[in-house]
Amino acid sequence: MTHLGVEICGLKLKNPTMLASGVLDETGRSMLEVACAGAGAVVTKSVGAQPRHGHPSPCIVELQDGLLNAMGLPNPGIDIYAAEILEAKMGGVPVIGSIFGGDEREIADLASKMQVTGVDAVELNLSCPHAKGYGAEIGSTPELVESVCKHAKRACSIPVFAKLTPNTSSISSLAQAAERGGADAIVAINTLKGMAISPVAKMPILGNKVGGLSGPAIRPVGVRSVYEIFEAVKIPVIGVGGISCGYDALEYIMAGAVAVQIGTGVWSEGVGVFGKVCREIMQFMDENGYSDISEMVGVAHPARP
Ligand code: RRO
């Protein structure tokens, strides 16, 4: 019998797939739909202290091999988000609350408020590539990453995940800083900073000009990031970026991820992507003599002494 269940920082997932922050996760109803479709866990859209409209449109450019987005952290604010969590929890899978803030105090306050909503863990968005004062602007220096994680940990008693940016020369240094700050797990990666220009309009297409690239094109960057982080820290790593089939997920797992998140893959394949990825992983396990998913985590690395 193949076993797809995983445990991450005490959270029990029936399979290693999670809904990534940013797709189909603004409302409780859509997260419930994703849970019912087979995801092992769901992550909310990133929520801040105050309501935000986000960046001016156009906010999304569809590319051949992915998406470029500059949504700009649109959200209703933490104070009215609790109702969405309640509905999402009806799906019976762990719900992880993603938060963003401009400094340690704001992030600590959000972590505490997010815990009160009933989420099972908090994910710190230290990596949105196009939000002034937030995301990667907070998450690009190891000192600040360590300090933010420390404050978030002090403010809540549930696991804290740090979602890191690939727009850096050393993502493993950021991961080590998060680990020093007490983060319970690393999520890698967020989108890659990019731009698309319309030759007809002679200007950048996105309202914000700059956005984040996601989808199949970024998978090699995500896999390499997870591979490096796995060798640099002891805490679990969750892989995200360009996953839409079992083989994509297996790349991340063999690089060292204990679970994977799917975002743009939901946009391209629909909510059936979770079941499809799980079926394909199980088929691979059957064909290759694996009975437990944990046996494959990190096998692409040379054996550790
Ligand atoms: O809302 C966004 O524009 C956004 C976020 Br919070 C993020 O973390 N990553 C991204 O590509 N877009």
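Numbering of ligands and ligand atoms starts at 1, following listing order.
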Answer with yes or no whether [X] contacts ligand 1, where contact means a heavy atom under 4.0 Å from a ligand atom.
X    : value
K163 : no
G72  : yes
H130 : yes

*Just say parallel, tilted or perpendicular for the rings of Y134 and F100, cut-offs at 30° and 60°.*
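The rings of Y134 and F100 stand perpendicular, inter-plane angle above 60°.
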*In terms of the angle between their ring planes, are F284 and Y247 parallel, tilted or perpendicular, with boundaries placed at 30° and 60°?*
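Perpendicular: the ring planes of F284 and Y247 meet at over 60°.
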Using a 4.0 Å cutoff against the non-hydrogen atoms of [X], which atoms of ligand 1 qualify?
X    : value
L73  : 1 (O), 2 (C), 3 (O), 6 (Br)
T191 : 9 (N), 10 (C), 11 (O)
N125 : 6 (Br), 7 (C), 8 (O)
N69  : 2 (C), 3 (O), 4 (C), 10 (C), 11 (O), 12 (N)
N190 : 7 (C), 8 (O), 9 (N), 10 (C), 11 (O)

*asked:* Does ligand 1 come near enough to M71 that some N or O of the ligand is less than 3.5 Å from an N or O of the residue?
replied: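 Indeed, backbone or side chain, M71 has an N or O that close.
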_Common cluster, L206/L73, ILVMFWY with side-chain heavy-atom separation under 4.5 Å_ =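 No, it is not one cluster - the side chains of L206 and L73 are not joined through contacts under 4.5 Å.
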*Between V221 and V210, is there a shared hydrophobic cluster once you connect ILVMFWY residues whose side-chain heavy atoms come closer than 4.5 Å?*
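Result: no, two separate clusters.
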_SB check E33 R29 (cutoff 4.0 Å)_ =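 Looking at E33 and R29, the cut-off is not met.
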*asked:* Checking Q115 against S157: is there a side-chain donor and acceptor pair closer than 3.5 Å?
replied: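 Side chains of S157 and Q115: pair found under 3.5 Å.
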*May I ask you to decide if S244's main-chain N or O and K276's side chain share a donor-acceptor pair within less than 3.5 Å?*
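Yes, K276 side chain to S244 backbone: donor-acceptor pair under 3.5 Å.
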*Which residue supplies the protein heavy atom nearest to atom 5 (C) of ligand 1, what is that atom called, and how far is it?*
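Going atom by atom, the protein heavy atom closest to atom 5 (C) of ligand 1 ends up being C128 SG, 3.4 Å.
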*Give the residue and atom name of whichever protein heavy atom lies nearest to atom 1 (O) of ligand 1, and the separation in Å to one decimal.*
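Closest protein heavy atom to atom 1 (O) of ligand 1: K45 NZ, 2.7 Å.
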*ligand 1 versus H55, non-hydrogen atoms closer than 4.0 Å: side chain, backbone, both, neither?*
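Answer for H55: neither.
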_Testing S46, S21, S98 one by one against N125 for a side chain to side chain donor-acceptor pair (under 3.5 Å), which residue passes?_
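Considering S46, S21, S98, a side chain to side chain donor-acceptor pair (under 3.5 Å) with N125 is found only for S46.
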